[in-house]
Amino acid sequence: MADAMVRIMDSALISSFQRDGWVLVPDAVEKKLIDDAREALRTFYPSYDELDRSPDDYPWVTDGQFGGLRLWPVDDLSLDLLPLNEVIVTIAESLAGSTDLRLLRAGYQVKYGGTVDYTQVLHFDYPNHSLVVPSDNDIIGFFLYLSDVTAEVGPTMLVSDTVRGPLLADRTHLWSTDDGPEIYAAEQAAIGPAGSLLAYRSTTYHRGSAMTAPRGVRLTLGFSYGRPAPWTGFQSFPRLGEEPGLIQAVAASTPRQRALLGFPPPGDPYWTPESLAAVARRYPGFNPSDY
Ligand SMILES: O=C(O)CCC(=O)C(=O)O
């Protein structure tokens, strides 16, 4: 774990991100966390064999490109805390150049070969994360690989910002290769083993690609972090405030992790003896002395 922190602080990965707008961080998260997440996800997602044997039991997982997406919270504490993991947050802070960040969205996703066509066109993520056109490092998307991502299991394809050109409102999606032959020609596949972390700006061209391995399975945790601004968002965590998974995750989180969800940080004027007592009643397990 410490290695990954040192490595992301290492200038080579940061420079690569700053130049290209994306980077694949190897071994970002310790293997046990990946193994535990995979094990926990067995109760959510069928194996390829299970899906093959009884597809009618799991119609949702192959219902379009996002059928296999389960948005946060998924009501499993370790899975719900994973996007708030300390190493991941440190990496996000290093790349964003700020410690004042918010989690904008998180979700687990599975893709199965031989089912849906997962091919996408090159696009930016910012149009559905921001009401304005953000600066390059305002919003950063991530995929934590929970399975090996090879060329055959739908790697994300990305294009260096060095060939992006200016951000133009009519070029947030390149609907065909004719819209940017030189940009499509510059695509690179983000291939890496389980435990790798792909980071990419919301202003960096990228796309999902087809699963060509007939029985391939790609399992990821996708999420994004952004600098807090009223014009920036995706999921609304207050909207999810009655979800058991959110209540459980808030109670178990550190003040730092809660702040990533939008909670007032320690020292905020919101905190008074009365508000601390009220919040502790709302979230069983919440320790007021943390504030
Ligand atoms: O799944 C991927 O590799 C990329 C997905 C993506 O870019 C999207 O859904 O907007």
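Just so you know, ligand 1 is whichever comes first in the structure, and atom 1 is the first atom listed for that ligand.
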Is the contact between Asp125 and ligand 1 made by the side chain, the backbone, both, or neither, using heavy atoms and a 4.0 Å cut-off?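 Within the 4.0 Å criterion, Asp125 contacts ligand 1 through side-chain atoms alone.
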Return a yes/no value for Tyr200: is any of its N or O atoms, backbone included, closer than 3.5 angstrom to an N or O of ligand 1? no
For Gln120 and ligand 1, does the shortest N/O to N/O distance drop below 3.5 Å? yes
Is the closest heavy-atom distance from Phe143 to ligand 1 below 4.0 Å?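 Yes, Phe143 has heavy atoms under 4.0 Å from ligand 1.
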Heavy-atom contact under 4.0 Å between Lys111 and ligand 1?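 Under 4.0 Å: yes for Lys111.
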Would you check, one step at a time, whether the test side chain to side chain contact (heavy atoms under 4.5 Å, CB included) holds for Tyr200 with Tyr205? CA-CA 9 Å; Tyr200 62 99; Tyr205 280 124; over 6 Å; no
Just checking, Arg218 and Phe143: is the charged tip under 6.0 Å from the six-membered ring centre and within 45° of the axis?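 Judged by the rule (NZ or CZ under 6.0 Å from the ring centre, within 45° of its axis), Arg218 counts as positioned above Phe143.
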State whether Phe17 and Arg201 meet the cation-pi test: NZ (Lys) or CZ (Arg) under 6.0 Å from the six-membered ring centroid, and within 45° of the perpendicular axis. yes
Minimum-distance protein heavy atom relative to [atom]:
atom	result
atom 3 (O) of ligand 1	Thr156 OG1, 2.6 Å
atom 2 (C) of ligand 1	Arg218 NH2, 3.4 Å
atom 10 (O) of ligand 1	His123 NE2, 2.8 Å

Salt bridge between [X] and [Y], side-chain N to carboxylate O under 4.0 Å?
X	Y	value
Asp49	Arg53	no
Asp100	Arg227	no
Asp52	Arg215	yes

Within the 4.0 Å heavy-atom shell around Phe66, which atoms of ligand 1 are there? 9 (O)
Should you measure from each heavy atom of Gly208, which atoms of ligand 1 turn up under 4.0 Å away?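 The atoms of ligand 1 under 4.0 Å from a heavy atom of Gly208 are 2 (C), 3 (O), 4 (C).
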Does Tyr108 reach the main-chain N or O of Phe44 with its side chain, forming a donor-acceptor pair under 3.5 Å? no
